[in-house]
2 protein chains.
Amino acid sequence: MRSLTAPDPEAAVAFLKAELHRSLVQVVGLCEVRYQGRAQSSLSLGERLILLKPDGTLLVHTARKIKPVNWQPPGARFSAAVEEGRVVLTSQRGEPAELVRIALHETQALLALRLKDDEALSLVGTEADLGKLLVKHPHLVEPGFQVTGRERANGRGPMDLVGLDAKGVRVVVELKRRPAGLNDAEQLRRYVERERAAKGDVRGILLAPGVSDAARRYLQERGMEVREVDWDKVLPLLHQVLPAGQRTLDARFPPPDRGA
Amino acid sequence: MRSLTAPDPEAAVAFLKAELHRSLVQVVGLCEVRYQGRAQSSLSLGERLILLKPDGTLLVHTARKIKPVNWQPPGARFSAAVEEGRVVLTSQRGEPAELVRIALHETQALLALRLKDDEALSLVGTEADLGKLLVKHPHLVEPGFQVTGRERANGRGPMDLVGLDAKGVRVVVELKRRPAGLNDAEQLRRYVERERAAKGDVRGILLAPGVSDAARRYLQERGMEVREVDWDKVLPLLHQVLPAGQRTLDARFPPPDRGA
DNA sequence: AAATAAATATCGTGA
DNA sequence: TCACGATGTTTATTT
């Protein structure tokens, strides 16, 4: 880990040239930021924390909010130079062509890190997990439901779940891991419309932990249905369905107190 | 700016207790991370950079990608303690109840910053900007077009632009700042469907810098239209429409070379 | 490469 | 508070 405190512009640029695209570089300082690419932005003088990752990711963070005030996704090329006595950082990307330019009026700290990390995040509770669960426990959609396909291409994007109900009628199920709204209802409508045109009678079910009133009305008016799920109830089942490596969360890490 | 290098757990926790929710705190170290809330995740031992903002924002960054591997949006309550000889950081949020727990096996660096920043980002090129532009230059939608309303509620969310064409026929316009896809086409369809039910003949126009083939087909099959815009052509007009404070980007900060 | 949809999306606005 | 839609969304997946 290398660091500099309040370096002069020449020392800062030397540090940056040595570390950019090699280490995770952090810059703290008083700066102006300009962006041009998919849009254009300008940020006047203020103190910010800048991260430049070895993969060409740029983050400019202020003291508030989770989203960076300016950024560049992986793949940018960084460069540093002294211009008119100031350190200027530029980050350039192509496709689409985008440029971030940071003029440092004062460099308070520089830090270069080589983070050693080979681990991948293990995540449970995605829409894909919900799909896996319903394949194993189709009665959670409704009694007698039978899954015949998952993520089936139908010319308008994949449908989450396709099956037959107790009477043998075809069913398209759209899954959402979070409460569903109008957009989600429309997505189901699009799939159902397509299937009805191709194969006649088809039921449509939006399965989610909650559906907004407007979305519910929208679906009912068009002959589609809603089925609510409760994550708290299906999570234990999900842990049984998932491979062993992802089953480690339940006991040792109880959910936070909902009363708070 | 306060900092500690390789502190022992007690010193680290004392530092954290003094600075959390007051400064922007940065922690670099070897850690495990667990999350439980809207989903559940687990991340094994590795070196990461952790940011804890005074507003209760948590970011856990690895050396790659722009998105943090774990996070918590503003509003979390942070706490730090020594557990079994290790520094443990917890970040708790309610509504929905969520918890991130970080166990530090090694604390390599601690940094606390008070970033002074009163500036807001000035951004040009949003969908709202496109709307303002079309109000001033309605012929960009089509010759003879006349704007009668913006962001008008119609019971299913606001319509971007409402107006009359040269023949006096009602028109609903959906604006997109980026190339439009099926979702965007559906959104227009929803508005047009509603307006047609209420007021008879209504045209629908999706105005965007590009529309996917599937979306184009989807619209045409349902009697709606597409109008393409080119940001490079409308940006100069936009700069004339915007207030002076946002008009500073054009000349001094030319677009990056598209040839790269 | 383009398109399509998910995301622990986040964020702002308006009812 | 809730719902809805924009975002310089990012990201993974599939065609």
Side-chain angles (χ1 to χ4, degrees), chain A residues 35-41 57-58 64-75 93 95-100 121 123-131 151 153-160 174-187 190-191 210-215 231, chain B residues 35-41 57-58 60 65-75 93 95-100 121 123-131 151 153 155-160 174-187 190-191 210-216 231:
Chain A
Y35 160 76
Q36 183 148 60
R38 285 167 289 176
Q40 300 178 345
S41 77
T57 296
L58 170 72
R64 288 188 294 177
K65 300 285 178 187
I66 197 171
K67 296 194 70 178
V69 65
N70 280 108
W71 71 92
Q72 207 132 79
R93 258 172 69 93
E95 203 63 36
E98 293 186 294
L99 178 63
V100 174
L121 185 77
L123 180 67
V124 175
T126 62
E127 185 184 297
D129 290 331
L130 192 53
E151 296 288 328
N154 74 339
R156 286 222 218 299
M159 295 174 288
D160 289 334
E174 174 63 30
L175 308 178
K176 290 295 154 188
R177 70 165 307 286
R178 56 186 158 88
L182 272 170
N183 263 13
D184 306 314
E186 274 186 329
Q187 196 180 334
R190 174 152 47 95
Y191 297 148
V211 178
S212 76
D213 290 345
W231 273 113
Chain B
Y35 159 74
Q36 183 148 62
R38 285 168 290 178
Q40 300 180 346
S41 77
T57 296
L58 169 72
V60 181
K65 300 284 181 188
I66 197 172
K67 295 194 72 180
V69 65
N70 280 109
W71 70 91
Q72 207 134 66
R93 258 173 69 94
E95 202 65 35
E98 292 186 294
L99 177 64
V100 173
L121 185 77
L123 180 66
V124 175
T126 62
E127 185 184 297
D129 290 333
L130 191 53
E151 297 292 329
R156 288 223 223 297
M159 296 175 287
D160 289 336
E174 175 61 31
L175 309 178
K176 290 294 153 190
R177 70 165 306 285
R178 55 183 159 84
L182 275 169
N183 258 16
D184 306 315
E186 274 185 332
Q187 195 180 334
R190 171 154 44 102
Y191 298 147
V211 177
S212 76
D213 290 344
R216 199 180 291 272
W231 272 113

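The chains referred to below are lettered A, B, ... by the order of the sequence lines, with proteins before strands, and numbering in each begins at 1. All figures in this text were calculated on a predicted structure; none of them were measured in a lab.
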Engineer: Assign A:P68 to base, sugar-phosphate, or nothing according to its heavy-atom contacts below 4.0 angstrom with the strands shown.
Structural biologist: nothing

Engineer: Would you say D:dG8 has OP1 or OP2 under 4.0 Å from some side-chain N or O of B:T126?
Structural biologist: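 It does not, given that no N or O in the side chain of B:T126 lies less than 4.0 Å from OP1 or OP2 of D:dG8.
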
Engineer: Please check the phosphate of C:dA2 (OP1 and OP2 only) for any side-chain N or O of B:S212 closer than 4.0 Å.
Structural biologist: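 No, B:S212 has no side-chain N/O under 4.0 Å of OP1/OP2 on C:dA2.
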
Engineer: For B:Q72, report the nucleic acid contact type (base, sugar-phosphate, nothing); a contact means any heavy atom under 4.0 Å.
Structural biologist: nothing

Engineer: Is there a donor and acceptor pair, one atom on the side chain of A:N70 and one on the base of D:dG8, closer than 3.5 Å?
Structural biologist: yes

Engineer: Which atoms form the tightest heavy-atom contact between A:Q187 and A:K176, and what is the distance?
Structural biologist: OE1-NZ, 3.3 Å

Engineer: Under 4.0 Å between a side-chain N or O of B:K65 and OP1 or OP2 of C:dA7?
Structural biologist: no

Engineer: Reckon A:R93 has a side-chain N or O less than 4.0 Å from the OP1 or OP2 of D:dT10?
Structural biologist: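 Negative; the distance criterion is not met.
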
Engineer: With a sphere of 6.0 Å drawn around CZ of B:R216, does it hold more than 12 non-hydrogen atoms of other residues, nucleotides or ligands?
Structural biologist: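 Correct, the count exceeds 12.
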
Engineer: It should be established whether B:R177 places a side-chain nitrogen or oxygen under 4.0 Å from OP1 or OP2 of nucleotide D:dT9.
Structural biologist: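 Looking at the OP1 and OP2 atoms of D:dT9, one of them is under 4.0 Å from a side-chain N or O of B:R177.
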
Engineer: Can you see if the side chain of B:R38 gets near the phosphate of C:dT10 - specifically, an N or O under 4.0 Å from OP1 or OP2?
Structural biologist: yes

Engineer: Measure the distance from CG on B:N183 to C1' on C:dA6 and round it to the nearest whole Å.
Structural biologist: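 That distance rounds to 11 Å.
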
Engineer: Among the candidates C:dA5, D:dT10, C:dT8, find the nucleotide nearest to the side-chain atoms of B:L182.
Structural biologist: C:dA5

Engineer: State whether B:Y191 places a side-chain N or O below 4.0 Å from either non-bridging phosphate oxygen (OP1 or OP2) of D:dG5.
Structural biologist: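 For D:dG5, OP1 or OP2 has a side-chain N or O of B:Y191 closer than 4.0 Å.
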
Engineer: What nucleotide, of D:dG8, C:dA5, C:dA3, holds the atom closest to the side chain of A:R190?
Structural biologist: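 Given the options D:dG8, C:dA5, C:dA3, the side chain of A:R190 is closest to C:dA5.
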
Engineer: Pick the closest DNA chain C nucleotide for A:I66 and for A:A128 by heavy atoms, then say which residue is nearer the 5' end.
Structural biologist: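 Mapping each residue to its closest nucleotide by heavy atoms, the 5'-most match is A:A128.
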
Engineer: Report the nucleotide, chosen from C:dA6, D:dG8, D:dA6, that has the shortest atom-to-atom distance to any side-chain atom of B:E174.
Structural biologist: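 Out of C:dA6, D:dG8, D:dA6, the nucleotide with an atom closest to B:E174's side chain is D:dA6.
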
Engineer: In whole Å, I'd like the distance from the NZ atom of B:K176 to the P atom of D:dG5.
Structural biologist: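 Going from NZ in B:K176 over to P in D:dG5 covers 9 Å.
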
Engineer: State, to 0.1 Å, how close A:W231 and A:R177 come at their nearest heavy-atom pair, and which atoms those are.
Structural biologist: NE1-O, 2.8 Å

Engineer: What are the two closest non-hydrogen atoms of A:T57 and B:I66, and how far apart are they?
Structural biologist: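 Of all heavy-atom pairs spanning A:T57 and B:I66, the closest is CG2-CA, 3.5 Å.
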
Engineer: In the strands shown, is D:dC2 matched to any nucleotide by a Watson-Crick or G-U wobble pair with both distances under 3.5 Å, and which?
Structural biologist: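 When the pairing criteria are applied, C:dG14 turns out to be the nucleotide that pairs with D:dC2.
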
Engineer: Closest approach to the side chain of A:E127, judged atom by atom: which nucleotide of C:dA7, D:dT11, D:dG5 is it?
Structural biologist: C:dA7

Engineer: Let me know the distance between CG of A:L123 and P of C:dA7, rounded to the nearest Å.
Structural biologist: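 Rounded to whole Å, this separation is 9 Å.
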
Engineer: Counting only side-chain nitrogens and oxygens, does B:W71 get under 4.0 Å of the OP1 or OP2 atom of C:dT10?
Structural biologist: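 Yes, such a contact exists.
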
Engineer: Rounded to the Å, how far apart are B:D213 CG and C:dA3 P?
Structural biologist: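 Whole-Å distance recorded here is 7 Å.
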
Engineer: Quick one: closest heavy-atom pair of A:R38 and A:P96, and the distance?
Structural biologist: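 Minimum heavy-atom separation between A:R38 and A:P96: CG-CG, 3.8 Å.
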
Engineer: Would you kindly give the CZ-to-P distance between B:R216 and C:dT4, to the nearest whole Å?
Structural biologist: 12 Å

Engineer: Within the structure, does a side-chain N or O atom of A:Q187 lie under 4.0 Å from either OP1 or OP2 of C:dT4?
Structural biologist: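 Indeed not, no polar side-chain atom of A:Q187 lies that close.
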
Engineer: Considering only side-chain heavy atoms of B:A39, which listed nucleotide, C:dT8, D:dG8, D:dT11, is closest?
Structural biologist: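 The listed nucleotide nearest to B:A39's side chain is C:dT8.
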
Engineer: Say we look at C:dT4 and C:dT8: how far apart would their P atoms be, to the nearest angstrom?
Structural biologist: 23 Å

Engineer: Write down the distance between CG (B:L58) and P (C:dT8), rounded to a whole number of angstrom.
Structural biologist: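 Distance check: B:L58 CG to C:dT8 P gives 15 Å.
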
Engineer: Round to the nearest Å and state the distance from B:R178 atom CZ to C:dA3 atom P.
Structural biologist: 13 Å

Engineer: Quantified in whole Å, what is the C1' atom distance between nucleotide D:dT7 and nucleotide C:dA5?
Structural biologist: 16 Å

Engineer: What's the shortest heavy-atom distance between A:E174 and A:Y191, and which atoms?
Structural biologist: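 Shortest heavy-atom contact: OE1-CE1, 3.3 Å.
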
Engineer: Report yes if a side-chain nitrogen or oxygen of B:K67 is closer than 4.0 Å to either non-bridging phosphate oxygen (OP1 or OP2) of C:dA9; otherwise report no.
Structural biologist: no

Engineer: Over all heavy atoms of both residues, which pair between B:S41 and A:L123 is shortest? Give the atoms and the distance, please.
Structural biologist: CB-CD1, 3.7 Å

Engineer: Between atom CG in B:D160 and atom C1' in D:dA6, what is the gap in whole Å?
Structural biologist: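 Distance check: B:D160 CG to D:dA6 C1' gives 10 Å.
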
